[in-house]
Amino acid sequence: MEAFELLFQGFHVLLTYDKILLMMLGLVLGIFVGVLPGLGGPNGVAILLPLTFTMDPTSAIVMLSCIYWGALFGGAITSILFNIPGEAWSVATTFDGYPMAQQGRAAEALTAAFTSSFIGSLVAVLLITFLAPRIADFALRFGPPEFFAVYLLTFCSFVGLGREERHRIVISMSLGLLLAGIGMDTVSGQLRMTFGWTELFRGINFLVAVIGLFGISEILLTMEERLALKGHIAHISPRVVLETWKTLPRYWATLLRSSAIGCWLGITPGGAIAASFMGYNLAKRFARDKESFGKGRIEGVFAPETAAHAAGTSALLPMLALGIPGSGTAAILLGGLMVWGLNPGPLLFVEHKEFVWGTIASMYLGNVVGLVLVLSTVPVFASVLRVPFAAIAPMIVVSCAIGAYAVQNAMFDIWLMLLFGVVGYVFKKLNYPLAPLTLALVLGSRTEDAFRLSMIGAAGDLRVFWSNWLVGSITTLALVLLFWPVISGAIARVRGMVRPARA
């Protein structure tokens, strides 16, 4: 009951004309960046984050989270109408969504995508509503050793459970940790790795790096690809919407299974991309008619969209409750909280209840309004793809430069942004993941502080990370996840040896 009372207070904070206006603006901008290939939610949030510095934290997070929801919805439009994923997690949607559009069922496919996206996000928001306060209450018992163990768990889970090659994840994360160490040491007050440059005394600003890594690098990639977009036309009518909604009970198992997969992979660093493919593959595996997948089956749209959106939304749970982002976008939002003077983690639920529950309320309302908005404006946003990219790219670059300069009013940050844009471009060309680098940039200094404070308190004894059942269990779990590929491989070999022996 307490959760309902707090959520009601959140809606009371949210339902003001200025926040509703910002929510609508965020949704429109989010759908726009989701439709354009190469932008997407993380890039849109990173580029527009500096524009929220003059707002109060609640208004800012409402707008930015709605940009995220809008991008989640918008990514399906290009996947279905143009066979070009607007988001990386929309790749699986093209498998059956585009064949449906080719068969003249584009409106049905889009309705299925938007509706399943709404269902996946709703399940994840319900999880956040009831689980986040309990996690936060539990985490109030944390000291420096416990916080370091949790940060270690996050880094190890990225390495052990990540879908990319392990050495690429480690290299990306190591670079992020190295960059996070530039500037003044918060424990001793000494300067590190500044090489005499006064501009580096403050360290590498997270927002400047993110704008370059995500925004500028994607512009460079899109310029290189020179996409020529030709697609199908879709006009969604109320009749098509109702007919599609009538089929939902038939696929309840797929929707429930994909929601569970998405929530799990969102809380862990599996991510929305892995969730979408897993949801699609499991739907195909449990289907009676497996051969129909890939030929325009509506269940092939329901499964990946539900899983991806559940993962994208549930990634905010560890960010709010523990101060640990579950995705690249959550990491960017985490950086925003720190800029606004808020300390992400369990104390956030105690010291800033209005902010937390206003944010959670915006998740409910933003998803409902977003569903109505995309259902009614598909032709408008689809037509955006026919605007020459040469006209859009300069506006995006200028927005990135303004955003980077606005962080500290320093010209040096614009050059730094361009440098990180080149780094992001090279990483993407070489298939190195940016999420571990982003995570390390955000959590690197906090992880170091927690470790050093733990060592100071324990006189350098590493056994402090097994000093009680809580920190010991988290540290052990982190090490298990770090070596999970080796452990799972050993288990598979043992099973392989046992089966022939039984036979």
Side-chain angles (χ1 to χ4, degrees), residues 27 31 34-35 69-70 72-87 89-124 231-259 262 276 279-280 282-284 286-310 364-383 385:
L27 286 168
I31 297 170
V35 163
W69 310 142
L72 289 172
F73 282 116
I77 296 176
T78 52
S79 299
I80 292 171
L81 297 183
F82 296 86
N83 201 29
I84 297 175
E87 297 279 4
W89 54 73
S90 298
V91 172
T93 307
T94 64
F95 298 162
D96 283 274
Y98 188 66
M100 289 180 70
Q102 290 177 312
Q103 297 164 12
R105 300 162 57 202
E108 182 184 353
L110 287 168
T111 303
F114 298 149
T115 305
S116 54
S117 300
F118 170 77
I119 292 172
S121 296
L122 180 62
V123 172
H232 299 272
I233 298 174
H235 296 282
I236 298 179
S237 66
R239 182 186 62 80
V240 174
V241 173
L242 293 175
E243 289 295 328
T244 306
W245 286 355
K246 286 179 182 178
T247 66
L248 287 175
R250 195 184 311 166
Y251 302 107
W252 67 270
T254 298
L255 295 170
L256 187 61
R257 181 174 59 244
S258 294
S259 296
S276 64
Y280 183 87
L282 287 178
K284 183 177 180 179
F286 287 104
R288 294 180 180 177
D289 184 14
K290 297 179 176 61
E291 299 300 323
S292 63
F293 278 80
K295 300 177 181 178
R297 184 179 175 115
I298 195 171
E299 190 176 2
V301 177
F302 279 136
E305 285 292 313
T306 304
H309 289 240
Y364 285 99
L365 193 57
N367 276 293
V368 173
V369 176
L371 176 63
V372 176
L373 190 62
V374 289
L375 286 174
S376 57
T377 58
V378 164
V380 176
F381 285 103
S383 65
L385 290 165

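Counting from 1, the numbers follow the sequence of the chain as shown. In what follows, every heavy atom counts, from backbone to side chain, and hydrogens, waters and symmetry copies are set aside.
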OG1 of Thr115 to CZ of Phe302, rounded to nearest 0.5 Å, is 6.5 Å

Partners passing side-chain hydrogen bond (donor to acceptor under 3.5 Å, both in side chains) against Gln103 (at least two apart in sequence or in another chain): Arg105

For Leu371 and Asn367, what are the C-alpha separation, side-chain angles and deciding distance, and is it a side-chain contact (heavy atoms from CB on, under 4.5 Å)? CA-CA 6 Å; Leu371 176 63; Asn367 276 293; over 6 Å; no

Just to verify, what does Ala283 make a side chain to side chain contact (heavy atoms under 4.5 Å, CB included) with, not counting sequence neighbours? Thr254, Arg257, Phe293, Glu299, Ala303

Euclidean distance, Tyr280 OH relative to Thr93 OG1, rounded to 0.5 Å: 10.0 Å

Between Asp96 (side chain) and Val301 (backbone), is there a donor-acceptor pair under 3.5 Å? no

With sequence neighbours excluded, what pairs up with Leu256 under the side chain to side chain contact (heavy atoms under 4.5 Å, CB included) test? Trp252

With sequence neighbours left out, what residues match Ser117 under side-chain hydrogen bond (donor to acceptor under 3.5 Å, both in side chains)? Glu305, His309

Non-neighbouring partners of Ala310 that pass side chain to side chain contact (heavy atoms under 4.5 Å, CB included), sequence neighbours left out: Cys263

Sequence-distant partners of Tyr251, side-chain hydrogen bond (donor to acceptor under 3.5 Å, both in side chains), two or more places apart: none

Quick check: do Glu108 and Glu243 have side-chain heavy atoms less than 4.5 Å from each other? no

Please report the shortest heavy-atom distance between Ser259 and Gly120, naming the atom on each side. OG-CA, 4.2 Å

In a check of side-chain contact (heavy atoms from CB on, under 4.5 Å) between Ser116 and each of Ile298, Leu255, Thr244, which one passes? Leu255

Kindly say whether Phe118 contributes a backbone atom to a donor-acceptor pair with the side chain of Ser121 at under 3.5 angstrom? no

